[in-house]
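Here's the structure, in structure tokens; my notes come after.
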Amino acid sequence: MDLPSTSSQSTLQTIAVVGLGTMGTGIAEVLARAGREVIGIDISEAATRRATAALAAATARSVARERISEQEREAVLARLRTYTELSAAADADLVIEVVPEDYPLKQRIFAELDAVVRPDTILATGTNALSVTRLAAESQRPERVLGLHFFNPAPAMKLVEVVSSVLTAPTAVEAVTALARELGKQPVSVGDRPGFVADGLLFGYLNQAAAMYESKYASREDIDAAMRLGCGLPMGPLALLDLIGVDTARTVLEAMYAASGDRLHAPAPILGHLAEAGLTGQKSGRGFYTYEEPGSPAVVRDAQTPLDGARLGEGRPVSSVGVAGSGTMASGIAQVFAQAGYEVVLAARSQEKAEAAKAAIGTSLGRAVAKGRLTQEAAEQTLARISPAGSLDAFAQVDLAVEAVAEDLAVKQELFATLDKVCKPGAVLATTTSSLPVIACARATSRPQDVIGMHFFNPAPAMKLVEVVRTVLTSDDVHATVRGVCTKVRKHPVDCGDRAGFIVNALLFPYLNNAIKMVEEHYASLDDIDAAMKLGGGYPMGPFELLDVVGLDVSLAIEKVLHKEFRDPGLAPSPLLEHLVAAGCLGRKTGRGFREYARR
């Protein structure tokens, strides 16, 4: 059979959208603005009225902002016609179905469309979890069935996943791909598996966050703040689950788990409990958070909301800080404390290394002055507060000692044994480890109650997050001290227990590992996956961009620690990552990782 050719821009001119909820209404708006004739179909007359009103309101805003003229607005509004019967799709070149994620419902709609539309009409499903192949196989013309997955809100989000089954004709894929580009979207071609690329990676991460919260490892506020501030994400995972809909997330994860058998996709029990209780997120007024009213994004206080200004108890006085190390992280932390007014001793393995680290801080401060973020006087005062030292003996009188040396347990334990001998009684001893057990550092001392984790993020002067990691032996006043110090240095502290990955790395690295597995399985390309997560998930960097920046060796080490701690087969590091590390392809620092980089 002949499907539309892609030789001209007029291939798909009349397009039906079946299902006028938020997503369907958004897609209809995109199509109408792009000059397409749009047939909006929904069994609910109220839904059709809302869709028309939404387009009227959106275009009115565009006129008010002088983006379109009133005449152009009227033309857009005239292109949308709404109906309550599927028979209205008879003249459509393309039908896009975006009804709820219920397979029998979608199957029934496709069967009815088979009897209505022309033989050459392309049928697209907007599913993000159900089988496109199964819908195609049960259609009278499976070669014209594919997936067309927009992201919410459709007018703003640039990504469109074009999903082929083994039955889909290439000409159909070409036609909708061309359409997506004409709509100003970035199409990514993928095969048929639950979640496709963006949701396939996103929902595993969201599920792990829900499980982390359910285990009472960290509060909802701290989990969300950690991922926003530590990874630059636009929303925390629990807030995002509430926005998506807890019930929707559970449905997607069920489909993913059924297909993959990966325990990371097995829905966290709390998702089922919330969904069954009707606590589905923003749309119901309550999910992980409580909202002003159903449909409102405004969060209100509830029984779990931390009290404003709640005191943790009295901390210990801190006026001087010792920072051990000479690398980027140590220098950054020393700068943070000095800028906040603390006297800082920066100790390295030699006086020369310590002087070089202080010089690096001077360079960093100089850049801040050049960009107008700091005055020259403040930069000079900050640098004057830093005293370089070639030995930890210089920490004798510090109130807080922070180590930022190599991520090697034996090295850290030896350092903590030295701090135990050198530091005065009552000094707080902190490790910046991102993956090693804090308790193992604490047990290297005679005062484990004084030891805590303070995980800064790189670059420390810019990144606002500090993960505060208590062991089972950390005293309350040490915890209160570090929380107070974080506030004074203008960082956001989040509390978590002493287990591998803490919050950020425990959620970030399984996501990165799953992205690598997608490439291993030849499901999607590096570029398509990076584009999908930036355009569809709002991530500041794609997973492969981030892996190359972090360092593949660092990433592999963290993934091994997570796998060893949690013993989940799904956390096993990807063989491709191991092969690249073995070959010395470590990312930007070696000039080659997942991509190649120009050597400086």
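All values below come from the heavy atoms of this structure, side chains included, with hydrogens, waters and symmetry mates left out.
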Any donor-acceptor pair under 3.5 Å from Q186 side chain to L535 backbone: no
T121 side-chain N/O to L94 backbone N/O, donor-acceptor pair under 3.5 Å: no
Donor-acceptor contact present, side-chain N207 to main-chain A266, <3.5 Å: yes
Scan the side chains in residues 290-298 for donor-acceptor partners under 3.5 Å anywhere in the protein, sequence neighbours excluded, and list what turns up.
residue : atom : partner : partner atom : Å
T290    : OG1  : D302    : OD2          : 2.8
Y291    : OH   : D242    : OD2          : 2.7
S296    : OG   : A298    : N            : 3.1

Cationic N near anionic O, under 4.0 Å, R33 to E29: yes
CA sep, side-chain torsions, deciding dist, call: Y539, Y511, ring-ring contact (aromatic ring centres under 6.0 Å, His included): CA-CA 12 Å; Y539 282 61; Y511 149 77; 5.1 Å; yes
Side chain E161, main chain V197, donor-acceptor under 3.5 Å: yes
R595 to F544, cation-pi by 6.0 Å centre distance and 45° axis angle: no
Whether K185 side chain and A154 backbone form a donor-acceptor pair below 3.5 Å: yes
Atom pair CD/CD of E254 and E101 - distance to nearest 0.5 Å: 13.0 Å
Flag, side chain of T14 to backbone of D91, donor-acceptor distance under 3.5 Å: no
Residue list, side-chain hydrogen bond (donor to acceptor under 3.5 Å, both in side chains) with E467, at least two apart or on another chain: H455
F110 and Y103 aromatic centres sub-6.0 Å: no
